[in-house]
Amino acid sequence: MELSKSSRNGIDMPLVGFGTFQLSIDQAEYCVKEALKSGFRHIDSSEAYNNEEGTGKGIKAAGVSRDDIFVTTKLFPGSKQLGTPDKNYKQTIETLKNQLKQLQLDYVDLYLYMLHYRNLD
């Protein structure tokens with residue numbers, strides 16, 4: 001499939017995205033920049049990946065108009081099993097503001113609640 005501006009669904013979200021899971025900050029910067037230069041227009045990130053600073057630098061370095069990029073990121077809401085307290089509304093808003101700062105963006109196109117898996121036994 002050729003990635004193009006027309007490779008989008010009904011809400012204008014590109015059908016194929018580039019994920020940043022398990023990339024370091026430096027790797028995210030380089031890989032996101034190269035992905036955007038290669039034609040990707042959907043970048044997927046998350047607070048839990050700890051690389052949004054690099055993702056933002058990569059977006060900026062690619063030289064692609066923000067209007068042409070669909071950016072998804074996720075909130076890590078906390079996990080008692082992992083020893084992190086659940087976030088309340090105010091903490092969620094502050095987290096998003098921090099994510100936007102790291103991503104060097106004014107907005108994200110899709111903000112998701114990141115579920116974590118737990119042993120249900």
Side-chain angles (χ1 to χ4, degrees):
M1 174 179 174
E2 183 178 328
L3 300 177
S4 70
K5 207 169 187 179
S6 64
S7 303
R8 295 173 178 266
N9 66 13
I11 61 167
D12 213 25
M13 177 178 162
L15 298 176
V16 178
F18 182 82
T20 62
F21 181 58
Q22 295 186 325
L23 297 177
S24 70
I25 291 171
D26 291 338
Q27 289 170 330
E29 179 179 354
Y30 175 79
C31 293
V32 166
K33 177 183 74 172
E34 293 302 314
L36 289 168
K37 288 169 93 176
S38 297
F40 283 89
R41 291 298 180 261
H42 181 186
I43 301 298
D44 177 75
S45 186
S46 172
E47 171 191 15
Y49 301 169
N50 295 313
N51 62 16
E52 288 185 311
E53 179 184 349
T55 299
K57 288 179 179 178
I59 291 170
K60 190 171 188 172
V64 176
S65 170
R66 174 63 182 97
D67 292 340
D68 293 332
I69 304 171
F70 192 98
V71 179
T72 299
T73 194
K74 299 169 217 66
L75 168 74
F76 181 71
S79 167
K80 290 179 183 158
Q81 293 84 2
L82 297 176
T84 57
D86 291 339
K87 289 185 177 132
N88 61 30
Y89 177 81
K90 184 177 178 180
Q91 292 166 323
T92 298
I93 298 301
E94 288 305 312
T95 297
L96 175 58
K97 288 178 181 178
N98 184 53
Q99 289 175 277
L100 290 170
K101 183 178 178 182
Q102 289 185 34
L103 290 165
Q104 302 178 46
L105 299 174
D106 294 326
Y107 66 95
V108 292
D109 299 284
L110 181 61
Y111 194 52
L112 299 171
Y113 180 94
M114 183 177 205
L115 292 176
H116 56 276
Y117 297 96
R118 60 183 168 185
N119 187 348
L120 299 176
D121 293 336

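Just the heavy atoms: all of them, side chains too, but no hydrogens, waters or symmetry mates, feed the values below.
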Between the side chains of E47 and Q99, does any donor sit under 3.5 Å from an acceptor? no
With rounding to the nearest 0.5 angstrom, report the OG1 to OH distance, T92 to Y111. 6.5 Å
Look up atom NZ in K74 and atom OH in Y113, then write down how far apart they are to the nearest 0.5 Å. 14.5 Å
Beyond-backbone contact of F70 with L110, side-chain heavy atoms, under 4.5 angstrom: yes
Would the number of heavy atoms belonging to other residues, nucleotides or ligands and lying under 6.0 Å from NZ of K87 be above 12? yes
Evaluate whether atom OH of Y30 has more than 12 neighbouring non-hydrogen atoms of other residues, nucleotides or ligands under 6.0 angstrom away. no
Contacts satisfying salt bridge (Lys or Arg N to Asp or Glu O under 4.0 Å) that involve residues 99-115 (not counting sequence neighbours) are R66-D109
Go through the structure and list residues passing side-chain contact (heavy atoms from CB on, under 4.5 Å) with K57, not counting sequence neighbours. E29, E53, Q104
Would you please name every residue forming a side-chain contact (heavy atoms from CB on, under 4.5 Å) with Q27, sequence neighbours left out? L23, S24
With the 4.5 Å side-chain cut-off for hydrophobic clustering, are V32 and V16 part of the same group? yes
Supply the atom-to-atom distance T20 OG1 to I43 CD1, rounded to the nearest 0.5 angstrom. 8.0 Å
Rounded to the nearest 0.5 angstrom, the OG1-CG distance for T73 and L112 is 8.5 Å
Which atom pair, heavy atoms only, marks the closest approach of A48 to M114? CB-SD, 3.6 Å
Working to the nearest 0.5 Å, report the span between CG of L96 and CG of L75. 8.5 Å
Applying side-chain contact (heavy atoms from CB on, under 4.5 Å), can you list everything that pairs with A61, at least two apart in sequence or on another chain? K33
Can T55 and L103 be said to form a side chain to side chain contact (heavy atoms under 4.5 Å, CB included), step by step? CA-CA 6 Å; T55 299; L103 290 165; 3.8 Å; yes
Does OH belonging to Y89 count more than 12 external heavy atoms closer than 6.0 Å? no
Report the residues that fulfil ring pair (Phe, Tyr, Trp, His ring centres under 6.0 Å) with F21, sequence neighbours left out, ordered by chain and then residue number. Y49
Would you check if F40 and I69 make a side-chain contact, meaning some heavy-atom pair closer than 4.5 Å? no
In this structure, SG of C31 is separated from CG of L36 (nearest 0.5 Å) by 11.5 Å
Does the side chain of N51 come within less than 4.5 Å of Q22's, by heavy atoms? no
Any chain of hydrophobic side-chain contacts (each under 4.5 Å) joining L100 to I25? no
Could I get the full list of side-chain contact (heavy atoms from CB on, under 4.5 Å) partners for N88, not counting sequence neighbours? K90, Q91
